[in-house]
Amino acid sequence: MKIQLKDNSILHYDEAIRVGQLAQDISPGLGRAALGAVVNDEIKDLRYMIVDDAEVRIITFKDDLGKRVFWHSASHLLAQAVKRLYPEVKLAIGPAINNGFYYDFDKDEPFSHDDLLDIEGEMKKIVQEKLDIEYFELARKDAIQLMSSQGEDYKLELINDLPEDSVISFYKQGEFVDLCAGPHINNTKELKAFKLQSVAGAYWRGDEKNKMLTRIYGIAFPKQKELKEHLEHIEEAKKRDHRKLGKELDLFTIFDEGPGFPVFFNKGIILKDLLINYWKQVHKKHNYVEVSTPIIMNRSLWETSGHWDYYKENMYTTVIDDEDFAIKPMNCPGGMLAYKNKKHSYKDLPIRMAELGLVHRHEMKGALHGLMRVRSFTQDDAHIFMRREQVKDEIIGVMELIEEVYQKFDFKYHLELSTRPEKRIGDEGDWDLAEAALKEAMEEKDVDYVLNEGDGAFYGPKIDYHLEDSLGRTWQCGTIQLDFQLPIRFDLDYVDSDNSLKRPIMLHRVVYGSIERFLGILIEHFGGAFPSWLAPVQVKILPVSSAFNKYAETLVEELEGSDIRVEADYRDERIGYKIREAGLMKIPYLMIVGEKEENKGTVSLRKHGETKNYELSIKDFLETEINNMYRRL
RNA sequence: GCUCCUAUAGCUCAGCUGGCAGAGCGCUUCACUCGUAAUGAAGAGGCCAGCGGUUCGAAUCCGCUUAGGAGCUCCA
């Protein structure tokens, strides 16, 4: 007997029986429950069946939901093993995440590396025991009794927070029972390949006022081969780490003498300058004007802006002539002064006032991360002052600018919209207007976004652009934030057509976010092998022996005359050695020159990542390669 | 800031249960004048992150500090 499902998948007899049986057990109140993992003979792929109300769907490990189900079950496997080895440990929560799963435990002594190996061993045993993973429900009273009998205080807290009428569901495998909404795979035997990766601290319910629990992270796959590939992929990704490449490629470093304060070397500065030049070009095109405001300003400015009261622990302060001063953590107050410097007409708006501003913030030391999170960075800021009816178009304009820049670098990114938080200022009408403007802008641009309800700044809602690093961690770079607070605090105005004074609406926005963070992303994105327009050294000339150094010098001059960033390696080293070294520095173009080339007035061109050689003249090189390169600009 | 882990030559790392500080790369010098990813030889280079403790004796064990890493929290 076979059953045909909605998506035309075929189930075999015993699987179908199981579907029928389990479907009966599912309570109507349950959103969905996993019915089990089966191996489809034809597709040879691990599959699960999910009942979504009445609809039966089949998902596989390839689906995002399939992965989450699988990893969630792996987290239960982890918890079961931990409870067997350490019965005194209390369980907190154990969800699937984007790349694996974790489980939070409350344990007096932290887990050591060896403990992880023991736990993995116990997990393997449980897999071999082939325990069915069973679903059941309890009335609130019984659920509380069960969890308190097991001393699971955290689970009790979770149950108590569930709404009165909600179904309280559990999953059971062997002796192990866990409060859980599911779904899960149906038997521990499917969890064939897993690895516990790390131990970390994490606050209970993500609140730093709560107790810090011990979190174990892990990853699991249906097949050993997939696990191996995944772990290899991580190792490869680590080679692209911008901190490692920053050192290897001589771009930047961070000395112990200045934690969080990066030091850029010449090649890093070239990259920064290229980013800045491109930025200026794009902003000019989009009709921005540029200003520059001081790094240090007095206390009264920061009191007006509110930073002195609300942001003080992140600010570096000093005393000059007995007066308090602060080093700016943000550029906006300076921008407000620049706007206020003269009266504005409604005809002047929108004013798009850009500033590459160096800001300093006293970030917590544990938050620092290479160039991604530093204490001193350059924001590619701009403040747009506009009339009410210009808001949506200005937002769209900024979105288009950000897209233009990110596309140039082929970046993968996603958008997040954060709306009004509980603690906020300003009247509801302004919030309505602002949120509507952001939403409309995104709808008009037809972009997907993640909605973070209640996650906006206290002064206004925002759109954030998140970019991925080599390990898939995302970093907020671009942001568009509406702000009602500062125009009021600084009493900004413009003269409207009826000669009345009106308050402009302001938005803050950054495209790169910070030059430093963006550069970090950029380094990891290209793995240090920058496209030729960005490479700090574009061409390296390698004479085969010192007899050809003279010829190399003439080539250097010729290329420099065409504004190519060029170096030559005049050392008495073998050509193979020079090529290897230049290759490790990921220089896009190597020009090898010896007797043959000198006689013909050519070079032997070798492109990064290729072993082929092209013999051509500098003139041809400039006309083909370099023209191509700048055509992409 | 919190939890766990880490710190040995410029870089990457070895150094077992405490007993004279090691390698490769890089650097310097010499020889080779070289044809597409490492020429050979010699040499210099270390208060084993810092401070304290245990010990006859500490790179090694313990504590504190500093810095780094994985997360959490917070943020561009």
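In what follows, every chain begins at residue 1, and chains take the letters A, B, ... in the order their sequences are listed.
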Could you please name the partner base of B:rU6, counting Watson-Crick and G-U wobble pairs only when both distances are under 3.5 Å?
-> B:rA67
Verify salt bridge (Lys or Arg N to Asp or Glu O under 4.0 Å) between A:Glu235 and A:Lys239, making sure each step is shown before the conclusion.
-> CA-CA 7 Å; A:Glu235 286 311 305; A:Lys239 291 182 188 160; over 6 Å; no
Remember a base hit wins even if backbone is also touched, and classify A:Arg215 as base, sugar-phosphate or nothing at under 4.0 Å, heavy atoms.
-> sugar-phosphate
At under 4.0 Å, does any side-chain N or O of A:Gln476 touch on OP1 or OP2 of B:rC75?
-> no
Classify the nucleic acid contact of A:Tyr577 as base, sugar-phosphate or nothing, counting any heavy atom under 4.0 Å across all strands shown.
-> sugar-phosphate
When both distances are under 3.5 Å in a Watson-Crick or G-U wobble arrangement, the nucleotide paired with B:rA31 is B:rU39
Classify the nucleic acid contact of A:Val374 as base, sugar-phosphate or nothing, counting any heavy atom under 4.0 Å across all strands shown.
-> base
For A:Arg473, which contact category applies under a 4.0 Å heavy-atom criterion: base, sugar-phosphate, or nothing?
-> sugar-phosphate
With RNA chain B as reference, determine whether A:Gly594 or A:Arg373 sits nearer its 5' end, using the nearest nucleotide of each.
-> A:Gly594
A:Tyr102 near the nucleic acid: base, sugar-phosphate alone, or nothing, with a heavy-atom cut-off under 4.0 Å?
-> nothing
A:Gly478 near the nucleic acid: base, sugar-phosphate alone, or nothing, with a heavy-atom cut-off under 4.0 Å?
-> nothing
Using a 4.0 Å heavy-atom cut-off across all strands, classify A:Glu595 as base, sugar-phosphate, or nothing.
-> base
Could you check whether A:Arg361 gets within reach of a base, just the sugar-phosphate, or nothing at all, counting any heavy atom under 4.0 Å?
-> base
Would you classify A:His113 as touching base, sugar-phosphate or nothing, given that sugar-phosphate means primed atoms plus P, OP1 and OP2, and contacts are heavy atoms under 4.0 Å?
-> nothing
Nearest heavy atoms of A:Pro333 and A:Trp302, plus distance in Å = CG-CZ3, 3.3 Å
Remember a base hit wins even if backbone is also touched, and classify A:Gln481 as base, sugar-phosphate or nothing at under 4.0 Å, heavy atoms.
-> sugar-phosphate
Is any side-chain N or O of A:His369 closer than 4.0 Å to OP1 or OP2 of B:rG71?
-> no
Determine whether the aromatic ring centres of A:Tyr103 and A:Phe105 lie less than 6.0 Å apart.
-> yes
Look at all strands and tell whether A:Ser604 reaches a base, only sugar-phosphate, or nothing, counting heavy atoms closer than 4.0 Å.
-> base
What is the nucleic acid contact for A:Thr214, judged by heavy atoms within less than 4.0 Å: base, sugar-phosphate only, or nothing?
-> nothing
Give one of base, sugar-phosphate or nothing for A:Ile592, where a contact means two heavy atoms less than 4.0 Å apart.
-> base
